[in-house]
Visitor: 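Take a look at the following structure, please.
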There are 2 protein chains.
Amino acid sequence: MKDLLELRSDILKALAQPTRIKILDFLRDGERCVCEIFPAIGEEQSNTSRHLNMMMDAGVLSRRKEGLKIYYTIKHPEILQVVDLVNLIVEEEITGRHKLLKAV
Amino acid sequence: MKDLLELRSDILKALAQPTRIKILDFLRDGERCVCEIFPAIGEEQSNTSRHLNMMMDAGVLSRRKEGLKIYYTIKHPEILQVVDLVNLIVEEEITGRHKLLKAV
DNA sequence: GGAATATATGAGTCTATAAGCATATAGTCA
DNA sequence: TGACTATATGCTTATAGACTCATATATTCC
């Protein structure tokens, strides 16, 4: 049985990888099937599938089956809030560094 | 030069590890030196030092020197917001699973 | 049932990460 | 200067992660 610390790090791990961030960015607009996702992000089908399943296990995505296709969605709205906050931090880091460079 | 995608995943990576989450939980109340942090979280001094430096590089922590001691702080308030959101998601996941279990 | 399509998985490789132990570096104070 | 304390780093080992290629498992439609 996983403890809270593990559950927390599993969710963060599921967000902490470039390919998975590309997937999340693409899923912003709503649910998409694997066949739409992997060409959009420019990764192999098998690799994309693994990342999607990994994010499912962590509780970050949910999926819905429709015929042959499987549609993935971002499960919790808080996931997108996290992504947005991280984008904000990155901006602050970049402008922060810039200031330092100008100051020297 | 790192691109935005890397900067974003670096920040998330810096949060996505149990030992580092313990450090962040401990730094909630304000700045602490390494000598306070590693006994509090129950990790080795060298291991703790590495994690702290890793989080510094990612832009998650900042540090201040005072004599022999080095005090670390959480650099951006958004970091704590991210941690809180993740805690919320974990709660939702747990109660969500519970509901499902009860429903079966 | 057989062809075609969508998704998942097995096996292998390569790289990254975490941790421990020992040691180096740097600052303080007598 | 030398002893002492706080922090960082070199080296090693163990484990996990990401990726690719090939193949398996559905599901649909003829």
Side-chain angles (χ1 to χ4, degrees), chain A residues 2-3 5-27 31-75, chain B residues 2-3 5-27 31-75:
Chain A
K2 294 208 175 194
D3 61 358
L5 200 57
E6 259 181 301
L7 293 173
R8 293 162 78 194
S9 64
D10 282 353
I11 288 177
L12 283 161
K13 250 177 230 162
L15 312 178
Q17 205 273 345
T19 303
R20 293 196 287 272
I21 293 179
K22 285 194 283 179
I23 292 174
L24 292 170
D25 283 343
F26 185 64
L27 290 181
E31 66 171 16
R32 301 279 179 207
C33 66
V34 187
C35 60
E36 293 171 305
I37 299 169
F38 81 86
I41 64 170
E43 295 289 333
E44 280 220 346
Q45 181 271 322
S46 66
N47 192 30
T48 306
S49 172
R50 263 181 246 272
H51 283 297
L52 290 167
N53 277 294
M54 189 272 204
M55 287 194 274
M56 268 295 296
D57 291 345
V60 165
L61 300 181
S62 50
R63 80 180 139 209
R64 182 178 68 84
K65 209 170 182 173
E66 190 178 308
L68 268 180
K69 299 185 180 177
I70 296 183
Y71 289 89
Y72 284 89
T73 335
I74 294 175
K75 187 168 179 187
Chain B
K2 295 209 175 192
D3 61 357
L5 200 58
E6 259 181 300
L7 292 173
R8 292 161 78 194
S9 65
D10 282 353
I11 287 177
L12 283 160
K13 248 178 232 161
L15 312 177
Q17 205 273 347
T19 303
R20 292 195 288 270
I21 293 179
K22 285 194 282 179
I23 292 175
L24 292 170
D25 283 343
F26 186 64
L27 290 181
E31 63 170 17
R32 301 278 179 206
C33 65
V34 187
C35 60
E36 292 171 305
I37 298 169
F38 81 85
I41 64 172
E43 295 288 334
E44 278 222 346
Q45 181 270 321
S46 66
N47 192 31
T48 305
S49 171
R50 264 182 246 271
H51 283 298
L52 289 168
N53 277 294
M54 188 272 205
M55 288 194 272
M56 268 295 296
D57 291 346
V60 165
L61 301 181
S62 51
R63 80 181 139 209
R64 181 176 69 82
K65 209 169 183 176
E66 191 178 308
L68 267 181
K69 299 186 181 176
I70 296 184
Y71 289 89
Y72 284 88
T73 335
I74 295 174
K75 187 169 176 186

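In the text below, chain A, chain B and the rest are named by the order of the sequence lines, each starting its count at 1.
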Visitor: Of the nucleotides C:dT7, D:dT7, D:dA18, which one has an atom closest to the side chain of A:Cys33?
Guide: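 Comparing C:dT7, D:dT7, D:dA18 against the side chain of A:Cys33, the answer is C:dT7.
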Visitor: Report yes or no: is there a donor-acceptor pair, N or O only, under 3.5 Å between the side chain of A:Arg20 and the base of D:dG17?
Guide: no
Visitor: Nearest whole Å is fine: how far is C:dA8 P from A:Met55 CE?
Guide: 12 Å
Visitor: Under 4.0 Å, heavy atoms only, any strand: does A:Phe38 hit a base, just the sugar-phosphate, or nothing?
Guide: nothing
Visitor: Using a distance-only criterion (donor-acceptor N/O pair, under 3.5 Å, no hydrogens), is the base of D:dT7 paired with the side chain of B:Arg63?
Guide: no
Visitor: With the side chain of B:Ser49 defined as its heavy atoms from C-beta on, choose the nearest nucleotide among C:dT7, D:dT20, D:dT9.
Guide: D:dT9
Visitor: Please report, rounded to the nearest Å, how far the P atom of D:dA6 is from the CZ atom of B:Arg64.
Guide: 16 Å
Visitor: A:Tyr71 has an atom OH; how far is it from atom C1' of C:dT7, in whole Å?
Guide: 13 Å
Visitor: According to a strict under-4.0 Å criterion, is B:Gln17 in side-chain N/O contact with OP1 or OP2 of D:dT15?
Guide: no
Visitor: B:Val60 and side-chain contact (heavy atoms from CB on, under 4.5 Å): which single residue from B:Leu15, B:Ile74, B:Ile23, B:Leu52 fits?
Guide: B:Leu15
Visitor: Here's a test of your reading of the structure: between B:Gln45 and B:Lys13, which maps to the more 5' nucleotide of DNA chain C?
Guide: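 Looking at the nearest nucleotide for each, B:Lys13 comes out on the 5' side.
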Visitor: From C-beta outward on B:Tyr72, which listed nucleotide comes closest to its side chain: C:dA18, D:dA18, D:dA8?
Guide: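 Per side-chain heavy atoms of B:Tyr72, the pick is D:dA8.
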Visitor: Measuring from atom CD of B:Glu36 to atom CG of B:Leu27, what distance do you get when rounded to the nearest 0.5 angstrom?
Guide: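 Reported to 0.5 Å precision, the distance equals 9.5 Å.
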Visitor: In whole Å, I'd like the distance from the CG atom of B:Leu61 to the P atom of D:dT7.
Guide: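 The answer, rounded to whole Å, is 14 Å.
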Visitor: side-chain contact (heavy atoms from CB on, under 4.5 Å) for B:Thr19 and B:Thr48? Distances and angles first, verdict last.
Guide: CA-CA 8 Å; B:Thr19 303; B:Thr48 305; 5.6 Å; no
Visitor: Look at the side chain of A:Leu68 and decide which nucleotide, out of D:dA6, D:dT27, D:dG10, has an atom nearest to it.
Guide: D:dT27
Visitor: Measure from the side chain of B:Glu44, starting at C-beta and using heavy atoms only, and say which of C:dT7, C:dG20, D:dT20 lies closest.
Guide: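 Closest nucleotide among those given: C:dG20.
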Visitor: From C-beta outward on B:Asn47, which listed nucleotide comes closest to its side chain: D:dT20, D:dT7, C:dA18?
Guide: C:dA18
Visitor: Do you know which two heavy atoms are closest between A:Ile41 and A:Lys22, and how far apart they sit?
Guide: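 Result for this residue pair: O-NZ, 3.1 Å.
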Visitor: Please tell me if B:His51 has a side-chain N or O lying less than 4.0 Å from either OP1 or OP2 of C:dA19.
Guide: yes
Visitor: For the residue pair A:Ile11 and A:Ala58, what are the closest heavy atoms and their distance?
Guide: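 Minimum heavy-atom separation between A:Ile11 and A:Ala58: CG1-O, 3.4 Å.
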Visitor: Can you tell me the distance, in whole Å, between the CG atom of A:Asn53 and the P atom of D:dA18?
Guide: 13 Å
Visitor: Distance check needed: D:dC19 P versus A:Leu52 CG, whole Å only.
Guide: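 One finds 12 Å between P of D:dC19 and CG of A:Leu52, rounded.
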Visitor: Would you indicate which nucleotide in C:dA8, C:dG20, C:dA18 comes nearest to any side-chain atom of B:Glu43?
Guide: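 So the nucleotide nearest the side chain must be C:dG20.
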Visitor: Send over the distance from A:Lys69 NZ to C:dA4 P, rounded to a whole Å.
Guide: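 That distance rounds to 18 Å.
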Visitor: Does the C:dC21 base have a donor-acceptor partner in the side chain of B:Ser46 within less than 3.5 Å?
Guide: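 Donor-acceptor pair under 3.5 Å: yes.
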Visitor: Would you say the side chain of A:Arg50 and the base of D:dG17 hold a donor-acceptor pair, judged only by whether the two atoms sit under 3.5 Å apart?
Guide: no
Visitor: Could you tell me whether A:Thr19 contacts a base, only the sugar-phosphate backbone, or nothing, with contacts defined as non-hydrogen atoms closer than 4.0 Å?
Guide: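 Sugar-phosphate contact only.
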Visitor: Go through the steps to decide whether A:Asn53 and A:Arg50 satisfy the test side-chain contact (heavy atoms from CB on, under 4.5 Å), and finish with yes or no.
Guide: CA-CA 5 Å; A:Asn53 277 294; A:Arg50 263 181 246 272; 5.9 Å; no
Visitor: Using atom CG of B:Leu12 as one end and atom P of C:dT17 as the other, report the distance to the nearest whole Å.
Guide: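 About 14 Å, once rounded to whole Å.
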